**Q** 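Supplied in structure tokens, the structure appears directly below.
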Amino acid sequence: QVKLVESGGGLVQPGGSARLSCAAPGFGLDYYDIGWFRRAPGKEREGVSCISGSTDSTYYADSVKGRFTISRDNAEKTVHLQMNNLKPEDTAVYYCATGFCHRDYKEDEYDFWGQGTQVTVSS
């Protein structure tokens with residue numbers, strides 16, 4: 001199985017930034033569609049953003065548009081999620097997963113998941 005590893009989480013002040021990374025040691029993610037999801041305390045997991053492995057097309061949830069940017073590093077074969085202007089409601093465990101990226105992407109279309117990385121937005 002493809003094992004994904006997320007990194008870059010931590011404690012961030014409101015209005016601050018963080019950069020998450022998603023990697024698959026031994027595989028590389030250049031040929032995969034990658035989605036970022038998050039689960040906030042007491043809430044269901046929701047999609048945040050995804051990027052296509054074939055076209056690099058990207059999609060974002062309305063709640064993060066204009067603040068988050070997903071990108072692919074071809075040299076490192078990793079996927080990143082740049083998060084700016086973070087808000088307390090962004091506090092969640094963030095997961096990356098392989099699947100099918102399109103405008104209406106959903107969890108059922110993603111097969112391999114990482115363990116997640118905690119992002120806490122608080123002063």
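Note that these values count all heavy atoms, side chains included, but never hydrogens, waters or copies made by symmetry. Positions are given from 1, in the same order as the sequence printed here. Since we're looking at a predicted model, the values are computed, not measured.
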**Q** List the steps and the verdict of side chain to side chain donor-acceptor pair (under 3.5 Å) for H80 and S21.
**A** CA-CA 4 Å; H80 305 283; S21 298; 2.9 Å; yes
**Q** Compare every heavy atom of D33 with every heavy atom of G53, then report the nearest pair and how far apart it is.
**A** N-OD1, 2.6 Å
**Q** Any side-chain donor-acceptor pair under 3.5 Å between S57 and T55?
**A** yes
**Q** Are S7 and L20 side-chain neighbours, meaning at least one heavy-atom pair lies under 4.5 Å?
**A** no
**Q** Are Y95 and V119 connected in the hydrophobic side-chain network, where two residues link if heavy atoms are under 4.5 Å apart?
**A** no
**Q** If I take atom CG from residue L4 and atom OG1 from residue T78, how far apart are they, to the nearest 0.5 angstrom?
**A** 12.0 Å
**Q** Looking at CD of E44 and CD of E107, how far apart are the two atoms once the value is rounded to the nearest 0.5 Å?
**A** 8.0 Å
**Q** In the single-linkage hydrophobic clustering (I, L, V, M, F, W, Y; side-chain heavy atoms under 4.5 Å), do F100 and F112 co-cluster?
**A** no
**Q** State, with a plain yes or no, whether a side-chain heavy atom of T120 is found less than 4.5 Å away from one of Q118.
**A** yes
**Q** According to ring-ring contact (aromatic ring centres under 6.0 Å, His included), who are the partners of Y32, at least two apart in sequence or on a separate chain?
**A** none
**Q** Is the side chain of E6 donor-acceptor paired with the backbone N or O of T117 at a distance under 3.5 Å, no angle test?
**A** no
**Q** For a 4.5 angstrom cut-off between non-hydrogen side-chain atoms, does F68 reach N84?
**A** no
**Q** Does any part of the side chain of V79, heavy atoms only, come nearer than 4.5 Å to the side chain of D73, both counted from C-beta?
**A** no
**Q** Rounded to the nearest 0.5 Å, what separates atom CD1 in I70 from atom SG in C22?
**A** 8.5 Å
**Q** Counting C-beta onward and ignoring hydrogens, is there a side-chain heavy-atom pair between R72 and D56 closer than 4.5 Å?
**A** yes
**Q** When rounded to the nearest 0.5 angstrom, what distance separates OG1 in T69 from CZ in R19?
**A** 11.0 Å
**Q** Measure across S122 and P14 and return the closest heavy-atom pair with its distance rounded to 0.1 Å.
**A** C-CD, 3.6 Å
**Q** Work out which heavy atom in A18 is nearest to a heavy atom in G8; give both atom names and the distance.
**A** CB-O, 4.5 Å
**Q** Check the orientation of Y105 and F37. Use parallel for under 30°, tilted for 30 to 60°, and perpendicular for over 60°.
**A** perpendicular
**Q** Given side chains that start at C-beta, do those of S71 and Q82 come closer than 4.5 Å, heavy atoms only?
**A** no
**Q** Does some side-chain heavy atom of R67 sit less than 4.5 Å from a side-chain heavy atom of K87?
**A** yes
**Q** Would you give the length of the straight line joining atom NE2 of H102 to atom CD of E109, rounded to the nearest 0.5 angstrom?
**A** 3.0 Å
**Q** Could you see if L81 belongs to whatever hydrophobic cluster contains V121? Use Ile, Leu, Val, Met, Phe, Trp, Tyr and a side-chain cutoff under 4.5 Å.
**A** yes
**Q** According to a hydrophobic-cluster definition based on side-chain heavy atoms being under 4.5 Å apart (Ile, Leu, Val, Met, Phe, Trp, Tyr only), do L86 and V48 belong together?
**A** yes
**Q** Taking V93 as the starting point, is it possible to reach M83 by hopping between hydrophobic residues whose side chains are less than 4.5 Å apart?
**A** no
**Q** Could you tell me whether the side chain of Y59 reaches within less than 4.5 Å of the side chain of S49, counting heavy atoms only?
**A** no
**Q** Does a donor on one side chain sit under 3.5 Å from an acceptor on the other, for Y94 and R38?
**A** yes
**Q** Considering only residues two or more places apart or on different chains, which pairs with a residue in residues 32-91 satisfy disulfide (SG to SG under 2.5 Å)?
**A** C50-C101
